[in-house]
Amino acid sequence: MAQAAVATETQAGRHQEVGHKSLLQSDDLYQYILETSVYPREPEAMKELREITANHPWNIMTTSADEGQFLNMLLKLINAKNTMEIGVYTGYSLLATALALPDDGKILAMDINKENYELGLPVIEKAGVAHKIEFKEGPALPVLDQMVAEGKYDGAYDFIFVDADKDNYLNYHKRLIDLVKVGGVIGYDNTLWNGSVVAPPDAPLRKYVRYYRDFVLELNKALAADPRIEICQLPVGDGITLCRRLS
C-alpha cells in the first residue's frame with residue numbers, strides 16, 4: 001500500500017476512536033483553526049495560563065483555546081456583567097470571562113479544589129482581573145440552594161458557565177434556571193462528551209467516559225424538552241450547549 005494511503009487510513013482510524021479530543025474531521029483542520037484564528041489573537045495571559053495548565057496531570061479537564069475564544073466573544077456580545085462559573089480547574093475559561101467583562105463585572109466562581117485555582121491565580125492577578133472574581137471552595141449545590149432560597153438572586157446572572165461533575169448537570173440546571181435572568185444564557189460544557197453520545201453500546205470507551213455518558217445523554221434530552229429555554233448545541237471544544245432563558 002502506498003505511503004500516502006497508509007497515512008490516510010491511519011488518520012481515519014484515529015478519528016474513528018471514541019474519545020478523540022477534537023470533534024472535527026482531522027487534527028490538521030483543528031490545528032488550522034487554532035493557528036489561524038485562535039492563537040494569533042489569544043491574550044498573553046491566556047496563553048501563559050494555557051501553557052501552565054498543559055503541564056498539569058489533569059490537563060484534559062481544561063477548556064480548549066478555541067472555546068475560550070468563543071466564550072470571550074459571546075460574553076461581549078451579550079454585554080454580560082454578572083456571571084457565575086461552576087467548575088474552575090486552573091481558571092482558563094474563568095480568565096477568558098474576566099477579560100471580557102467590564103471593570104466592575106463580577107464572577108462567582110465555584111470549585112471543590114482551590115489548589116488548582118491557585119495554580120492559575122498569579123496569572124489572573126497579573127492580568128489585572130482578579131478583583132472581578134469571588135471564589136468559593138466546595139460543592140456548588142449547597143450554595144445554589146441557599147441562593148434560590150434567599151430569593152434575592154432570582155434572575156441576577158447574565159451568564160452562567162458549567163464545566164463540572166456531569167452527573168449533577170441536571171441538578172445544577174434545576175437551580176440555575178431561576179438564577180439566570182430572562183434573556184440570559186447558561187452554557188453547559190462537554191455535551192458531546194468525547195463523541196461518545198453516538199457511540200454504539202460495545203464501543204471501546206475509557207472508564208470515565210462510559211460512566212458519565214448516560215448523564216450527558218439525559219441532560220441533552222432534558223434541555224431539548226425544556227420549554228423555559230431555547231438551545232443551541234455547538235461542536236466547539238467537546239461540545240457546548242447554550243441555553244437562553246425564555247421565561
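Below, all heavy atoms of this structure are taken into account, side chains as well, without hydrogens, waters or symmetry copies.
Remark: D238 CG to N190 CG distance equals 4.5 Å, nearest 0.5 Å. To the nearest 0.5 Å, the span separating CG on L71 from OH on Y92 amounts to 10.0 Å. If you take CD1 on I231 and CD1 on I186, they are separated by 12.0 Å, rounding to the nearest 0.5 Å. Rounded to the nearest 0.5 Å, atoms CD (E85) and OG1 (T63) are 7.0 Å apart. The line from CG of L219 to OG1 of T191 is 7.5 Å long, rounded to the nearest 0.5 Å. In this structure, Y117 OH and E137 CD are separated by 11.5 Å, a value rounded to the nearest 0.5 Å.
With contacts defined as side-chain heavy-atom distances shorter than 4.5 Å, the pair V236/Q233 does not qualify. For the pair L119/N116, no side-chain contact is recorded, criterion being any heavy-atom separation below 4.5 Å from C-beta on. Within the 4.5 Å cutoff, no side-chain heavy atoms of M84 are placed close to those of I107. L223 places a side-chain heavy atom less than 4.5 Å from the side chain of C243. Between I229 and L246 the shortest side-chain heavy-atom distance does not fall below 4.5 Å. Looking at K47 and E44, their side chains come closer than 4.5 Å, going by heavy atoms from C-beta outward. Between T241 and C232, the closest side-chain pair of non-hydrogen atoms is not below 4.5 Å. At a threshold of 4.5 Å between non-hydrogen side-chain atoms, the residues F161 and T97 do not count as touching.
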Salt bridge (Lys or Arg N to Asp or Glu O under 4.0 Å) assessment of R244 paired with E230: CA-CA 5 Å; R244 179 176 177 270; E230 55 185 354; 2.9 Å; yes
Step-by-step side chain to side chain contact (heavy atoms under 4.5 Å, CB included) determination, K106 to L101: CA-CA 8 Å; K106 297 297 179 185; L101 298 185; 6.0 Å; no
Step-by-step side chain to side chain contact (heavy atoms under 4.5 Å, CB included) determination, K136 to K114: CA-CA 8 Å; K136 288 182 180 291; K114 190 175 183 180; over 6 Å; no
Intermediate values then yes/no, side-chain hydrogen bond (donor to acceptor under 3.5 Å, both in side chains), T53 and T90: CA-CA 7 Å; T53 306; T90 61; 2.7 Å; yes
Verdict with reasoning, H56 to Y89, per side chain to side chain contact (heavy atoms under 4.5 Å, CB included): CA-CA 10 Å; H56 193 276; Y89 187 38; 2.9 Å; yes
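Counting only distance, with no hydrogens or angles, the side chain of K81 and the backbone of N79 share no donor-acceptor pair below 3.5 Å. Looking only at distances, a side-chain donor or acceptor of Y169 sits under 3.5 Å from a matching main-chain atom of V162. D165 places no side-chain N or O within donor-acceptor distance of the main-chain N or O of D167, the cut-off being under 3.5 Å. Under the 3.5 Å distance criterion, the side-chain polar atoms of E42 are left unmatched by any main-chain donor or acceptor of S37. Formation of a donor-acceptor pair under 3.5 Å by the R245 side chain with backbone atoms of V180 is found in this model. When atom types are taken as modelled, the side chain of R175 and the backbone of N171 share a donor-acceptor pair closer than 3.5 angstrom. Under a 3.5 Å cut-off, the side chain of D111 and the backbone N or O of V88 do form a donor-acceptor pair. Between the side chain of D178 and the backbone N or O of D154 there is no donor-acceptor pair closer than 3.5 Å. Side-chain atoms of S196 come within 3.5 Å of backbone atoms of W193 as a donor-acceptor pair (strictly under, hydrogens ignored). Without hydrogens or angle criteria, R213 side chain to A199 main chain gives a donor-acceptor distance under 3.5 Å.
Nearest heavy-atom pair across L94 and A109 is CD1-CB, 3.9 Å. The two residues P102 and A80 make their nearest non-hydrogen contact at CD-O, 3.5 Å. L34 and A65 make their closest contact through CD2-CB, 4.2 Å (heavy atoms, listed as atom of the first residue, atom of the second, distance). Nearest heavy atom pair, residue E125 against residue A130, reads CG-CB, 3.8 Å. Minimum interatomic distance between S64 and G237 (heavy atoms only, all atoms of both residues): OG-CA, 3.5 Å. Considering all non-hydrogen atoms of both residues, E67 and D189 come closest at OE2-OD1, 2.7 Å.
Neither F135 nor L108 shares a network with the other; the hydrophobic side chains, linked directly or stepwise wherever heavy atoms of I, L, V, M, F, W or Y lie under 4.5 Å apart, form separate groups for each. Cluster membership for L75 and V182, using ILVMFWY side-chain heavy atoms within less than 4.5 angstrom, is not shared. One hydrophobic cluster, built from ILVMFWY side chains closer than 4.5 Å, holds both V143 and L141. Two different hydrophobic clusters hold V216 and Y172 under the rule that ILVMFWY side chains link at heavy-atom gaps under 4.5 Å. No continuous path of ILVMFWY side-chain contacts below 4.5 Å connects I86 to V185, so the two sit in separate hydrophobic clusters.
Contact check on R50 versus E48 returns no salt bridge, with no Lys/Arg side-chain nitrogen under 4.0 Å from an Asp/Glu carboxylate oxygen.
Other residues, nucleotides and ligands place more than 12 heavy atoms under 6.0 Å from the OH atom of Y208. Atom CD of E115 sits in a sparse spot, with 12 or fewer heavy atoms from other residues, nucleotides or ligands closer than 6.0 Å.
Side-chain atoms of D66 and Y30 form a donor-acceptor pair, as typed in the model, at a separation below 3.5 Å.
In this structure, Y157 has its ring center at least 6.0 angstrom away from the ring center of Y153.
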